[in-house]
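Worksheet: the structure to be examined is printed underneath.
By convention here, the first residue in the shown sequence is residue 1. All figures in this text were calculated on a predicted structure; none of them were measured in a lab.
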Amino acid sequence: MDNLNLIVEIEKAAHREPKSVEQQFLKLMEEVGEAAQAYLSAENVSGNSYKKLNIDNTKEELVDVLLVTYAVLVKLDISHAELIKLLKQKTDKWLEKQNN
């Protein structure tokens, strides 16, 4: 599957998702928490090492964060052009802050 087809499949799944935008935001928070738990476990932080998670688990959870985030954006009717514009704008701002 090429990259464009993957994006189309993700968007199809987002449109089929029965959760409301509000419910998707709650799901996003859940996924961020799971990513944090995986990272804390991978780093053997006190109270978290028993979960036996590693960096690969952390990456997987972070991909879930990306998917849910993109699903919310799709439900908010973002176009590819608007997404690219916002990504560029936010990246430029981020880099500008790093240079100051």
Side-chain angles (χ1 to χ4, degrees):
M1 178 181 301
D2 64 25
N3 295 342
L4 183 56
N5 285 334
L6 178 58
I7 296 297
V8 169
E9 288 297 305
I10 293 168
E11 290 172 353
K12 187 187 311 180
H15 285 296
R16 288 183 181 167
E17 175 57 53
K19 292 181 191 76
S20 68
V21 171
E22 293 83 5
Q23 292 167 333
Q24 283 289 92
F25 270 110
L26 292 173
K27 182 67 177 171
L28 178 58
M29 288 186 276
E30 175 190 2
E31 295 297 348
V32 169
E34 290 174 4
Q37 286 179 344
Y39 185 73
L40 291 171
S41 178
E43 292 294 309
N44 293 313
V45 173
S46 176
N48 291 277
S49 59
Y50 72 94
K51 295 174 186 168
K52 306 289 187 221
L53 300 173
N54 58 37
I55 291 300
D56 287 336
N57 299 117
T58 304
K59 291 174 185 177
E60 186 176 332
E61 294 299 339
L62 286 169
V63 169
D64 287 344
V65 170
L66 287 172
L67 288 170
V68 175
T69 299
Y70 192 60
V72 171
L73 288 166
V74 167
K75 286 196 175 213
L76 295 174
D77 295 321
I78 196 163
S79 68
H80 292 168
E82 183 181 10
L83 177 59
I84 296 299
K85 176 184 170 190
L86 288 170
L87 285 168
K88 174 89 172 93
Q89 178 183 333
K90 291 298 189 171
T91 301
D92 289 347
K93 184 176 180 180
W94 184 15
L95 290 169
E96 183 181 316
K97 286 184 179 186
Q98 290 176 345
N99 291 330
N100 289 333

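Summarising the geometry, atom CZ belonging to F25 is positioned 8.5 Å from atom OG1 belonging to T69; distances are rounded to the nearest 0.5 Å.
The side chain to side chain contact (heavy atoms under 4.5 Å, CB included) check on Q23 picks up K19, S20, with sequence neighbours excluded. By the side chain to side chain contact (heavy atoms under 4.5 Å, CB included) test, L4 is found to be paired with D2, residues two or more places apart in sequence or in another chain being considered. Partners of E60 under the salt bridge (charged side-chain N to carboxylate O under 4.0 Å, His left out) rule, at least two apart in sequence or in another chain, do not exist in this structure. Considering only residues two or more places apart in sequence or on other chains, D56 meets the side chain to side chain contact (heavy atoms under 4.5 Å, CB included) condition with N54, K59. Shown here are the side chain to side chain contact (heavy atoms under 4.5 Å, CB included) partners of T91, two or more places apart in sequence or in another chain: L95. Legend: residues meeting side-chain hydrogen bond (donor to acceptor under 3.5 Å, both in side chains) with Y70, ordered by chain and number and at least two apart, are E11.
Under the 4.5 Å side-chain heavy-atom criterion for Ile, Leu, Val, Met, Phe, Trp and Tyr, L66 and L87 are members of distinct hydrophobic clusters. Hydrophobic clustering, with ILVMFWY side chains joined whenever heavy atoms are under 4.5 angstrom apart, keeps V68 apart from L6. Side-chain heavy atoms closer than 4.5 Å link hydrophobic residues (I, L, V, M, F, W, Y) into clusters, and following such links, even through other members, never connects I84 to I78.
No side-chain heavy atom of I7 sits less than 4.5 Å from a side-chain heavy atom of N3. Within the 4.5 Å cutoff, side-chain heavy atoms of I10 are placed close to those of L67.
Through direct or indirect side-chain contacts shorter than 4.5 Å among Ile, Leu, Val, Met, Phe, Trp and Tyr, Y39 is connected to I55. With a 4.5 Å cut-off between side-chain heavy atoms of Ile, Leu, Val, Met, Phe, Trp and Tyr, the cluster of L26 takes in M29. Through direct or indirect side-chain contacts shorter than 4.5 Å among Ile, Leu, Val, Met, Phe, Trp and Tyr, L40 is connected to V45.
The side chain to side chain donor-acceptor pair (under 3.5 Å) contacts involving residues 25-38 comprise K27-E30, K27-E31, where partners must be two or more places apart or lie in separate chains. Annotation: salt bridge (Lys or Arg N to Asp or Glu O under 4.0 Å) contacts involving residues 67-89, sequence neighbours excluded, comprise K88-D92.
With salt bridges taken as basic N to acidic carboxylate O contacts below 4.0 Å, one links E9 and K12.
Scanning both residues, A38 and L53, for their nearest heavy atoms gives CA-CD1, 3.6 Å. Across every non-hydrogen atom of A35 and V65, the tightest pair is CB-CG2, 4.5 Å.
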